[in-house]
Q: 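Sharing a structure, written as structure tokens. Questions coming.
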Amino acid sequence: MNATSAEQASAPVTEDALRSVLLAGERPSRPGPVRTSLTFGWRALLKIKHVPEQLVDVTMFPIMFTLMFTYLFGGALAGSTQAYLQFLLPGILVQANVMITMNTGITLNTDIQKGVFDRFRSLPVWRPSPLVGALLGDVMRYSIGSAIVITLGLVLGFRPEGGAIGVVLSVVLLLVFSFCLSWLWTMLSLILRTPNSVAGVSLMVMFPLTFVSNIFVDPKTMPGWMQAVVEVNPITHLATVVRGLMDGSVPAGEIGWVLVSSVLLVAVFGPITMVLYRNKK
């Protein structure tokens with residue numbers, strides 16, 4: 001090192017020199033809420049790519065339930081397996097999607113336990129974007145599950161009288177409801193301490209909601225007090241809408257009920273989730 005370089009190295013760094021280095025290029029603009037949410041949604045899809053085993057609940061469980069209930073109970077409940085399949089498949093489509101939503105809370109709780117969300121909260125991004133992105137990523141899981149159930153039903157002989165339009169509309173409405181329901185499990189993931197506890201509580205909620213409904217049987221065969229419970233179950237209204245759209249009818253009142261319940265799910269659990277997320281230590 002010569003004398004000139006030694007003098008330059010020992011000379012104090014001035015504020016103007018530091019600013020000229022830091023401001024040498026144009027500073028990128030801060031990403032907006034949509035961009036950051038989509039980025040975190042892409043992260044969720046990449047996790048599916050690298051850990052494809054998490055699609056087991058999306059693929060195997062709907063297939064298993066469809067085959068078991070169709071061929072074990074179809075003849076006893078509807079007189080023939082084909083007749084029961086026409087009634088069952090829309091209900092299985094509903095059950096498969098709403099059960100998959102539990103994975104949202106389990107995945108988020110796993111990230112919290114690993115410290116990943118502490119890093120996310122330190123980033124200069126829209127605060128809810130990690131949560132919204134995770135929910136958007138799970139919409140792809142719901143879509144995969146829906147495609148598998150419908151494909152299996154067509155192979156087994158299910159024929160929707162509403163055609164492709166009725167099927168698409170029913171799936172879109174189902175995706176909207178599933179996205180809104182996911183906020184409940186997101187809230188639980190911020191309250192409960194382990195992924196196993198999130199899974200356990202979620203199952204305790206979802207099993208009564210899905211089985212005490214009209215997914216598998218007509219409520220008219222149930223006792224009066226249970227019929228009253230089934231009638232106020234949001235899963236019942238969702239299954240009724242999906243069946244109606246696939247059968248070619250448009251139950252406007254039921255569609256409105258499902259949309260209102262979806263809005264209420266976000267309106268109630270969304271703010272609670274954000275408060276918990278902001279105060280999470």
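The analysis underlying the following values was restricted to heavy atoms, covering all of them including side chains, and did not include hydrogens, waters or symmetry mates. In this chain, numbering begins with 1 at the start of the sequence shown.
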Q: Under 4.5 Å between any side-chain heavy atoms of Q95 and F211, yes or no?
A: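 They are in side-chain contact.
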Q: With sequence neighbours excluded, tell me which residues meet ring pair (Phe, Tyr, Trp, His ring centres under 6.0 Å) with Y84.
A: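 With neighbours one apart ignored, the set is empty.
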Q: To check you understand the geometry: which heavy-atom pair defines the closest contact between T101 and S178, and what is its length?
A: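 Distance-wise, the nearest heavy atoms are CG2-O, 3.5 Å.
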Q: My understanding is that only residues two or more places apart in sequence, or in another chain, count here; which of them pass ring pair (Phe, Tyr, Trp, His ring centres under 6.0 Å) with F269?
A: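 Partners of F269 under the ring pair (Phe, Tyr, Trp, His ring centres under 6.0 Å) test: none.
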Q: So, does T81 use its side chain to make a donor-acceptor pair with the main chain of Y71 at under 3.5 Å?
A: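 Pair absent, no side-chain N/O of T81 close to backbone of Y71.
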Q: Please output the side-chain donor-acceptor pairs of residues 189-196 that fall under 3.5 Å, not counting sequence neighbours, one pair per line with the distance.
A:
residue	atom	partner	partner atom	Å
S189	OG	T186	O	2.6
T194	OG1	S197	N	3.2
T194	OG1	S197	OG	3.1

Q: Would you mind listing every salt bridge (Lys or Arg N to Asp or Glu O under 4.0 Å) that reaches into residues 65-88, with sequence neighbours excluded?
A: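 Matches after skipping sequence neighbours: none remain.
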Q: If I take atom OG from residue S262 and atom CG from residue L174, how far apart are they, to the nearest 0.5 angstrom?
A: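 So the gap between those two atoms works out to 10.0 Å.
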Q: Roughly how far, to the nearest 0.5 Å, is CZ of R159 from CG of L89?
A: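 These two atoms lie 11.0 Å from each other.
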Q: For a 4.5 angstrom cut-off between non-hydrogen side-chain atoms, does F216 reach I92?
A: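 Side-chain contact under 4.5 Å: yes.
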Q: Find out whether V98 and F177 are in side-chain contact, i.e. whether some heavy atom of one side chain is under 4.5 Å from a heavy atom of the other.
A: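 Yes, at least one pair of side-chain atoms sits under 4.5 Å.
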Q: Check for a donor-acceptor pair, side chain of N109 on one end and backbone N or O of G105 on the other, with a separation under 3.5 Å.
A: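 Here the side-chain-to-backbone pair does not exist.
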Q: Who pairs with W257 by ring pair (Phe, Tyr, Trp, His ring centres under 6.0 Å), at least two apart in sequence or on another chain?
A: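 Here the qualifying residues are H237.
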Q: Quick one: does any side-chain atom of T70 pair with a main-chain N or O of L67 as donor and acceptor, under 3.5 Å?
A: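 No, T70 side chain to L67 backbone: no donor-acceptor pair under 3.5 Å.
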Q: What's the shortest heavy-atom distance between A78 and A83, and which atoms?
A: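 Scanning both residues, the minimum pair turns out to be O-CB, 4.1 Å.
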Q: For K114, enumerate each residue passing the side-chain contact (heavy atoms from CB on, under 4.5 Å) test, keeping only those at least two apart in sequence or located in another chain.
A: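 With neighbours one apart ignored, the set is T110, V116.
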Q: Is there a side-chain contact between L173 and V242 in this structure, where contact means two heavy atoms from C-beta onward sitting under 4.5 Å apart?
A: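 A side-chain contact under 4.5 Å is absent here.
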Q: Show me the pairs that pass salt bridge (Lys or Arg N to Asp or Glu O under 4.0 Å) and involve residues 84-110, at least two apart or across chains.
A: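 Checked against salt bridge (Lys or Arg N to Asp or Glu O under 4.0 Å) - neighbours excluded - no pair reaches residues 84-110.
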Q: Roughly how far apart are T210 OG1 and I235 CD1, rounded to 0.5 Å?
A: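 That separation rounds to 7.5 Å.
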Q: Please report the closest heavy-atom contact between T36 and P33, naming both atoms and the distance.
A: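 Minimum heavy-atom contact is OG1-O, 3.0 Å.
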Q: Are the side chains of R243 and F87 in contact, using a 4.5 Å heavy-atom criterion?
A: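 Result yes, sub-4.5 Å side-chain heavy-atom pair found.
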Q: Output the rest of the hydrophobic cluster of V168: all Ile, Leu, Val, Met, Phe, Trp and Tyr residues reachable through side-chain heavy-atom contacts under 4.5 Å, sorted by chain and number.
A: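 Listed partners: V172.
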Q: Could you tell me whether F40 and F120 have their ring centroids closer than 6.0 angstrom?
A: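 When the ring centroids of F40 and F120 are compared, they turn out to be within the sub-6.0 Å range.
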Q: Just distance, no hydrogens or angles: give the donor-acceptor pairs under 3.5 Å from side chains in residues 146-156, sequence neighbours left out.
A:
residue	atom	partner	partner atom	Å
S146	OG	N97	OD1	3.3
S146	OG	N97	ND2	3.1
S146	OG	Y142	O	2.9
T151	OG1	A147	O	2.7

Q: Is a side-chain donor-acceptor pair under 3.5 Å present for S37 with W126?
A: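 No, no side-chain donor-acceptor contact under 3.5 Å.
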Q: Please report the interatomic distance OG1(T273) to CZ(R278), rounded to the nearest 0.5 Å.
A: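 Rounded to the nearest 0.5 Å, the OG1-CZ separation comes to 11.5 Å.
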Q: Would you indicate whether the side-chain heavy atoms of M102 and V205 approach each other to under 4.5 Å?
A: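 A side-chain contact is absent here, since even the closest heavy-atom pair is not under 4.5 Å.
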Q: Does F65 form a side-chain contact (heavy atoms from CB on, under 4.5 Å) with M99? I'd like the steps, not just the answer.
A: CA-CA 12 Å; F65 270 95; M99 294 292 285; over 6 Å; no
Q: Salt bridge (Lys or Arg N to Asp or Glu O under 4.0 Å): which pairs involve residues 132-150, sequence neighbours left out?
A: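 Sorted result for residues 132-150: D57-R141, D138-R141.
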Q: Begin from the C-alpha positions of D111 and R43 and carry the test salt bridge (charged side-chain N to carboxylate O under 4.0 Å, His left out) through to its verdict.
A: CA-CA 12 Å; D111 284 343; R43 171 183 178 265; 3.3 Å; yes
Q: Can you confirm if the aromatic rings of Y277 and F117 lie within a centre distance of less than 6.0 Å?
A: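 Yes, close enough.
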Q: State whether the side chain of T236 and the backbone N or O of V230 hold a donor-acceptor pair below 3.5 Å, judged by distance alone.
A: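 Looks like yes, one N/O pair under 3.5 Å.
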Q: For F69 and F73, take the angle between the two ring planes, folded into 0 to 90°, and tell me which bin it lands in: parallel under 30, tilted 30 to 60, perpendicular over 60.
A: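 The rings of F69 and F73 sit tilted, inter-plane angle from 30° to 60°.
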Q: If every non-hydrogen atom of C180 is compared with every non-hydrogen atom of L265, which pair is closest and at what distance?
A: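 Distance-wise, the nearest heavy atoms are O-CB, 3.8 Å.
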Q: Side-chain contact, heavy-atom cut-off 4.5 Å: F179 with L136?
A: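 Result yes, sub-4.5 Å side-chain heavy-atom pair found.
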Q: With rounding to the nearest 0.5 angstrom, report the OG1 to CG distance, T104 to L135.
A: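 CG of L135 is found 5.5 Å from OG1 of T104.
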Q: Got a sec, which residues hit salt bridge (charged side-chain N to carboxylate O under 4.0 Å, His left out) with D247, two or more places apart in sequence or on another chain?
A: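 For D247 there are no salt bridge (charged side-chain N to carboxylate O under 4.0 Å, His left out) partners, ignoring immediate neighbours.
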Q: Other hydrophobic cluster members with M204, side-chain heavy atoms of Ile/Leu/Val/Met/Phe/Trp/Tyr under 4.5 Å, chained?
A: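 Its cluster mates, by chain and number: none.
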Q: Could you measure the distance from the CD atom of E231 to the CE atom of M222? Nearest 0.5 Å is fine.
A: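 That separation rounds to 9.5 Å.
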Q: Test side-chain contact (heavy atoms from CB on, under 4.5 Å) on L93 and M246; report intermediate values, then the result.
A: CA-CA 11 Å; L93 184 63; M246 288 190 173; 3.5 Å; yes
